[in-house]
> 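Starting off with a structure, shown below.
A, B, ... follow the sequence lines: proteins, then strands. Residue 1 opens every chain.
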Number of protein chains: 2
Amino acid sequence: MWSVRADARRNRDRIVEIARALFKDKGFTGVSMDEVAKAAGVGAGTLYRHFPTKEALYDAVLEAWTDKVKAAVDRALGLDGSAREKLVSWFGDYVDLLNGHKGAAARITLALGDPDSPFVAKCTRYLGANQRVIDELGPALRPGVSAMEISRLVGAVAAVADASALGPDEVASMLGVVADGLVAA
Amino acid sequence: MWSVRADARRNRDRIVEIARALFKDKGFTGVSMDEVAKAAGVGAGTLYRHFPTKEALYDAVLEAWTDKVKAAVDRALGLDGSAREKLVSWFGDYVDLLNGHKGAAARITLALGDPDSPFVAKCTRYLGANQRVIDELGPALRPGVSAMEISRLVGAVAAVADASALGPDEVASMLGVVADGLVAA
DNA sequence: TGCCAAACGGAGAGCGTCTCCGTATAGTTC
DNA sequence: GAACTATACGGAGACGCTCTCCGTTTGGCA
């Protein structure tokens, strides 16, 4: 036997699909693994066979997210406008992408320096996106700024916005402060 | 007797003292209530009689903190220097004040908009401190900025710095970005 | 000294993540 | 199509957490 058994593949797919809906609805901490298992019609053992931890499951749920991050940074960098406008657009998109996934922003941001986190792939993608921003906007940005620093700053804003359920205006204003700070000489 | 029974008072004091040491050492999530109870030599019921939730206990542990916040903002505003320098000094002190209390920054920052949080007193004090900054530095700051916004931005940086165990240089750099953004026209 | 409200201790309820292991089955082999 | 085996399944339950309930003890006053 060579590939994965058919029932296993079917179960895995269904678990991810169901879990995505539940997490989106209630947030990471608002959903229990038992709940996911029951909703997906599998036993706890099966769930944990596919995803060794709850965070690993969440990582799978956020799979599509990485592509969207790439698209957002592409779009922002392609805009006609100042460096500040590009930053604000990209940051805003990033926060929006995590909107509706309660708890995701904090988890990804806190995983930024941790090579053992289940979210490494997401972190790498996110850091890479900000590195591209630095590469393209370089001279317009504060000298010496790093992708890690930008990622942490914007991630921190996203996490607070998420946890405190801030409105778009409040988020935009905070991102404006960060963007201004990043383009300041 | 009029007020609290002597044994109750004694127990309360000992619990807070022991809990402070434990939380400082292992962080909020790293200490269980059972552990606090055992270390303080009381039963779980006694512990919960004095502090109805774990967060209420944490609030009591961070009691002295509020005075230090006030002192820090006083000191920073009294400095000779630019608005930016005053901001950086105050923000740095704020982050330092939460240093060593793993988990405190995130909890206080996320409680900023929540009137039911056990940390309301701390939030009020912190917001008040940033309001004083706005009152004194007013014209030098970005127009329309609010104490809530500053509190959230700096709190977000503090939370990430705490959770990712960032070094002083990394924190200073991030706070510099925020300060620049806040003084930008 | 006796009384009783106040405070105490700790068993255990309830909920969470995650593990273990006996059972069922997909897919191969003859 | 029947037998066989590696793979996957289900769910009881271990373990740890916050917090509650209630029978027992005790501080402080009459």
> Taking only side-chain N and O atoms of B:Thr46, does any of them lie within less than 4.0 angstrom of OP1 or OP2 on C:dA7?
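So the side chain of B:Thr46 is outside the cut-off, no N or O lying under 4.0 Å from OP1 or OP2 of C:dA7.
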> Is it true that, when you exclude B:Arg14 itself, more than 12 heavy atoms of the residues, nucleotides or ligands shown sit nearer than 6.0 Å to its CZ?
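Counting neighbours around CZ of B:Arg14, more than 12 heavy atoms of other residues, nucleotides or ligands fall under 6.0 Å, so yes.
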> Can you check the A:Arg49 CZ to D:dA8 P distance for me, whole Å?
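So the two atoms are 5 Å apart, to the nearest Å.
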> Fit a plane to each ring of A:Tyr94 and A:Tyr126, take the angle between them on a 0 to 90° scale, and name the class: parallel (under 30°), tilted (30 to 60°) or perpendicular (over 60°).
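Because their plane-to-plane angle is under 30°, the rings of A:Tyr94 and A:Tyr126 count as parallel.
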> Considering only heavy atoms and no angle criterion, is a donor-acceptor pair shorter than 3.5 Å present between the side chain of B:Arg5 and the base of C:dA6?
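Yes, the side chain and the base share a sub-3.5 Å donor-acceptor pair.
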> Hey, are the side chains of B:Asn99 and B:Asp162 touching, using non-hydrogen atoms and a 4.5 Å cut-off?
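Side-chain contact under 4.5 Å: no.
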> Ion pair present between B:Arg132 and B:Asp74, side-chain N to carboxylate O less than 4.0 angstrom?
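B:Asp74 and B:Arg132: salt-bridged.
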> Using a strict threshold of under 4.0 Å (side-chain N to carboxylate O), is an ion pair present between A:Glu136 and A:Lys86?
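Answer for the salt bridge query: no.
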> Find every protein N or O atom lying less than 3.5 Å from an N or O atom of nucleotides 16-19 of chain C, and list the pairs.
| from | atom 1 | to | atom 2 | distance (Å) |
| --- | --- | --- | --- | --- |
| C:dT17 | OP1 | A:Lys54 | NZ | 2.9 |
| C:dT17 | OP2 | A:Met33 | N | 2.8 |
| C:dC18 | OP2 | A:Lys54 | N | 3.0 |

> Rounding to an integer number of Å, can you tell me how far B:Lys38 NZ sits from D:dC17 P?
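One finds 11 Å between P of D:dC17 and NZ of B:Lys38, rounded.
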> Do the side chains of A:Leu137 and A:Val177 join up, straight or via other hydrophobic residues, at under 4.5 Å, putting them in one cluster?
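Same cluster.
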> Hydrophobic cluster membership, with links at side-chain heavy-atom distances under 4.5 Å among I/L/V/M/F/W/Y: are B:Leu47 and B:Phe23 in one?
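Result: yes, single cluster for both.
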> Please name the residue in the list A:Arg10, A:Arg5, A:Arg9 that meets the salt bridge (Lys or Arg N to Asp or Glu O under 4.0 Å) test with A:Asp7.
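Testing A:Asp7 for a salt bridge (Lys or Arg N to Asp or Glu O under 4.0 Å) against A:Arg10, A:Arg5, A:Arg9 leaves exactly one candidate, A:Arg5.
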> With a cut-off of less than 4.0 Å, is there a side-chain N or O of B:His50 near OP1 or OP2 of C:dC8?
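Looking at the OP1 and OP2 atoms of C:dC8, one of them is under 4.0 Å from a side-chain N or O of B:His50.
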> What integer distance in Å separates B:Leu57:CG from D:dC19:C1'?
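Answer to the nearest Å: 13 Å.
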> With the threshold set at under 4.0 Å for non-hydrogen atoms, list the residues of residues 8-15 of chain B touching DNA chain C in residue-number order.
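Result for residues 8-15 of chain B: B:Ala8, B:Asn11, sorted by number.
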